[in-house]
Amino acid sequence: MPNSGSVRFTPAAGGRGTEVRVELEYTVPGRMFGAMVAKVFGENPQQQICDDLRRFKQVIETGEIARSDGSPQGTSVKQQAKQRPAQPLAMPQVG
Amino acid sequence: MKANCWIAPNNVAVEEVPDPQILNPRDAIVRITSSAICGSDLHLLQGYIPAMKKGDVLGHEFMGEIVELGKDVRDGLHIGDRVVIPFPIACGDCSSCQRGLYSICENSNPNAAIAELAMGHSPAGVFGYSHLMGGYAGGQAQYARVPFATSAP
């Protein structure tokens, strides 16, 4: 998929940390239909960037990715759509 | 272990579920000695809170004894310590936590995006309180995994 973009770090107003701004231009194969299919399967680039930014913030601030029993792999649109029950995993898959 | 699981509105059952394990370096595993049934558990029981799933372990007010610690838990906590677990899961490092606003921790809810969609702003992760609050197993059980233990109990 052809793409180009930038990531900008700027100090946030009022001493409230750092603002990270991602700009990405891309052409989705299959135009509107392709975009719709990608969205349904959690492969929409915007969703993926939002997930990545959340995980980035978690790693930078806490040193780890927050994992729950419903979302053992951490933040991702796919996992949010398809939650497992909130009970401990028999075989934790971490990574 | 045995745990009190949500099955359907107005239907909960004590079931056998896997024991929790350490997933992250700052986790702790707690053997639960007491657990409360809160008035707000009724909202879950009656089905007013969305994003519950069959098998979710309930309970967000509990205390117990630490039986296992992640490798990055060094200061303050030891195996055998008796602890009270606050129900909002708070990382202790984000801007909200550093201002003492633990219930809106920005990092502890892995399902923050759906919570934002539903409520406009995501709260912190909460034990046993639906998948909007992260999908964490709760404390009406024999054991619980406590994430970010270094900043919680």
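All values below were derived from every heavy atom in this structure, side-chain atoms included, with hydrogens, water molecules and symmetry-related copies excluded. Every chain is numbered from 1 and lettered A, B, ... according to where its sequence line falls, protein lines coming before strand lines.
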Under 3.5 Å donor-acceptor, B:S35 side chain and B:G139 backbone =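 Yes: the side chain of B:S35 pairs with the backbone of B:G139.
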Is there a donor-acceptor pair closer than 3.5 Å between any side-chain N or O of B:R26 and the backbone N or O of A:T62?
->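 Between the backbone of A:T62 and the side chain of B:R26 there is a qualifying donor-acceptor contact (under 3.5 Å).
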Region of [X] that comes under 4.5 Å of a non-hydrogen atom in chain A:
| X | result |
| --- | --- |
| B:Q98 | neither |
| B:C97 | neither |
| B:A113 | both |
| B:D72 | neither |
| B:M52 | neither |

Donor on one side chain, acceptor on other, B:N111 and A:Q83, under 3.5 Å =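 Their side chains do contain a donor-acceptor pair, which is all the 3.5 Å distance test asks for.
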For the residue pair A:E61 and B:N107, confirm or rule out a side-chain donor-acceptor distance under 3.5 Å.
->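 Present: a donor and an acceptor within the cut-off.
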Look at A:S68, A:P85, A:G70 and state which one has the largest set of heavy-atom pairs under 4.5 Å with chain B.
->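 Heavy-atom pair counts peak at A:S68.
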Intermediate values then yes/no, salt bridge (Lys or Arg N to Asp or Glu O under 4.0 Å), A:R54 and B:E116 = CA-CA 13 Å; A:R54 272 184 214 277; B:E116 277 172 9; 2.9 Å; yes
What part of [X] lies closer than 4.5 angstrom to a heavy atom of chain B: side chain, backbone, both or neither?
| X | answer |
| --- | --- |
| A:I60 | neither |
| A:R84 | backbone |
| A:E64 | side chain |

Audit row: B:Y129, B:H60, ring-ring contact (aromatic ring centres under 6.0 Å, His included) steps and yes/no | CA-CA 7 Å; B:Y129 216 80; B:H60 54 272; 5.2 Å; yes
Could you tell me which of B:G125, B:A112, B:A144, B:G128 has the largest number of non-hydrogen atom pairs under 4.5 Å with chain A?
->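 That would be B:A112.
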Residues B:R82, B:E65; criterion salt bridge (Lys or Arg N to Asp or Glu O under 4.0 Å); working and verdict | CA-CA 4 Å; B:R82 292 163 68 199; B:E65 180 196 341; over 6 Å; no
